[in-house]
Amino acid sequence: MWTKKGVTLICAAAAFMIGGTVLNHYLLVAYSCALFSFITLTTLTMKRLVAIPYRVHPEEKRAKAVDVQISRSLSSERIVEDGEIDVKLTLINKKGSGFVEIRDKLPNVVKLKKGSNNFMLNLSPGTETAINYTVECPLMGPHIIGPVSLRVEDVSGLCYIGEDVDIYSDFLVMPKIEEIKEVKIRSSVPKLYTGAVSIKQPGPGYEFYSLREYVPTDPLRNINWKAFVKTGKLMVNEREREAISDITIILDSRTNSNIGFISKNPLLYSARATAALVSYFLKRRDSVGLVVYDSAVHIVNHGTGETQLLKILTALAGVKAQGNLPLQAVVNVILPHIPPRSAIIVLSSLEDDDTVPKAARDIMANDFHLTILSMSPASIEHEAGKISKQSYEILNFERECLLSELSRYGARVIRWSPNVPVASALMEARIF
Amino acid sequence: MRAIAVCALIAIVALLMIRCEFIILLVVFLSATGLGLYGIWACKRWFFVISCLVIGVGILFSDLNALITVAGIAVFFVSYAEFGHGTIRFSELERIALEDKSGGTMIMDLKDAAKRYVYLCSLVILLTFVLTLLLLNLTTILGIFSDKIAESVELNSVYGIVIWMAMVFGIFWLAKSIASKG
């Protein structure tokens, strides 16, 4: 392909040739002859570019080519939002030499922190060059780095050969976890084995609850000897029962949850809130499950510990706004499989879904404890000036009617503004 | 590179001024020289381009007939344009390399690239001079073997040069496109 300089010289040469012919001027024709000769001879210095991924076995015979093998490695394949990845691009020049321009294509949402992904270097035969740069990833989701674009010009920069090498590296950015101090949500039917939550009932645990008289089946180590000395009766220490709650989080990932901007939309904020909630509940040793609904229902079964946190964060990183499944359909699918009387938290904008009130009634009727954390997309659009004040007020009024109806059914509704941290919004929830 | 470009510029202007009979043309060529030198030294591309245009237009008013002089001026002009532009281009790359900003283009091994450029470009300019001289004198050379060519009025004028250019370069590019597809 010709560069701008090459095209300019060709046009100039043609213009001089025509001008010289018309005006019968030797020098103009000689100048066009010199230009055409120069262009022709310069293009002979152009070498073919052959660039291949590292893993492909190269062909042996290639004449007059710059033969480059390329590979890429990342410091990490999973990071949290605002985390950094170090990228190392290795080029091995097997044959030929030339001044090569290299560009490693980055996703649009990623920022260069250190170094550069665009290089120009002189490749000598048999040399290995390593290029390092660091990128910062502010938004969650799966991202791909690649392909690698190479460009070789002739000596004078009149024409070039470009090639894209299909080397891709993918990495996952998980949502960042906001620290939550307290969320007063738990199941009223906790599981009957030790955990970290005290529920004001006597039973197996570590915290002192009360004293009572000794009965023959009590273990001797529980006898409070100081109380025996004071009262003359055998008394035992009773501990407070600790138990685990089951929490189910339902995240709305339908198309309309992506309304707003790429860095400010209900889906992104809800995913971050989900990550914060999951981290908090799992630290409290509760059992947490995740349900994401878009065009289908995606379930992460209940579990505890760091493994469960990683599973849920990975699932959250892959959410995409698509589909329009109603909440009622989700409730019909999951309710039979959720532990009875456990807590359900729904994170949804509640937009474009007429089945929300019925779904909430069904949840409450089955004796679950429902908390709805809802962000209004209209407020985001109104802040950005995308909708008029009148439209915003109408939408807001309709939304308030819906939220009031849900409150009347017994659900705890938290109106969440994008400018408020999720920890502050959650302080509104009360103990069930 | 700068030195080569400047020498080429001085050579063109000197050759043109030898046959220059008008003071206006003298002033024009000296101005072009000044503009070109400033453009190369300060890496100002527009001044350099304007100087090339001025010299190119000034060529129209010159009165030169000897083919070797004509070929020399043409090739000197090409070398002035090429090395002047190369100087500006590598100076800009050097400035980018020294700035070393994150997110910009990183340049490595610039000196090796510059040396390779000067070497190859000089070779190409030399071959350009030989080819230009050959094309300008092709009628005379082929006239030795054929009386018809030697006596042809069209081939002995500028039209002859244009015809030879069209044939030679046409055949070359046709062969290259066939080779690249094959």
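Keep in mind the model is a prediction, meaning the values are calculated, not measured.
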*asked:* For B:T128 versus A:A34, what's the shortest heavy-atom pair and its separation?
replied: CG2-O, 3.3 Å
*asked:* So which atom in A:A30 and which in B:T132 form the shortest heavy-atom distance, rounded to 0.1 Å?
replied: O-CG2, 4.1 Å
*asked:* Please classify the contact of A:T134 with chain B as side chain, backbone, both or neither, using a heavy-atom distance under 4.5 Å.
replied: neither
Measuring only between side-chain heavy atoms, which start at C-beta, is [X] closer than 4.5 Å to [Y]?
X: A:T42; Y: B:E82; answer: no
X: B:V75; Y: A:F38; answer: no
X: A:K5; Y: B:R89; answer: no
X: A:H25; Y: B:V158; answer: no

*Would one find more than 12 heavy atoms of other residues, nucleotides or ligands at under 6.0 Å from atom NZ of A:K320?*
no
*Flag if over 12 foreign heavy atoms under 6.0 Å of CD1, A:I262*: no
*Top residue by heavy-atom pair count (under 4.5 Å) with chain A, among B:L131, B:V168, B:I125?*
B:L131
*Could you state the interatomic distance from CG (A:L35) to CZ (B:F77), rounded to the nearest 0.5 Å?*
8.0 Å
_NE2-OG distance between B:H85 and A:S156, expressed to the nearest 0.5 angstrom_ = 8.0 Å
*What part of B:W164 gets closer than 4.5 Å to chain A, counting heavy atoms only: side chain, backbone, both or neither?*
neither
*Do you know which of A:L41, A:T40, A:D154 makes side-chain contact (heavy atoms from CB on, under 4.5 Å) with B:V124?*
A:L41
*Carefully, step by step, assess A:Y26 and B:I161 under the rule side chain to side chain contact (heavy atoms under 4.5 Å, CB included).*
CA-CA 9 Å; A:Y26 261 110; B:I161 301 171; 3.4 Å; yes
*For A:S37 and B:F169, run side chain to side chain contact (heavy atoms under 4.5 Å, CB included): C-alpha distance rounded to whole Å, both residues' side-chain angles, the deciding distance at 0.1 Å, then the answer.*
CA-CA 8 Å; A:S37 306; B:F169 294 124; 3.5 Å; yes
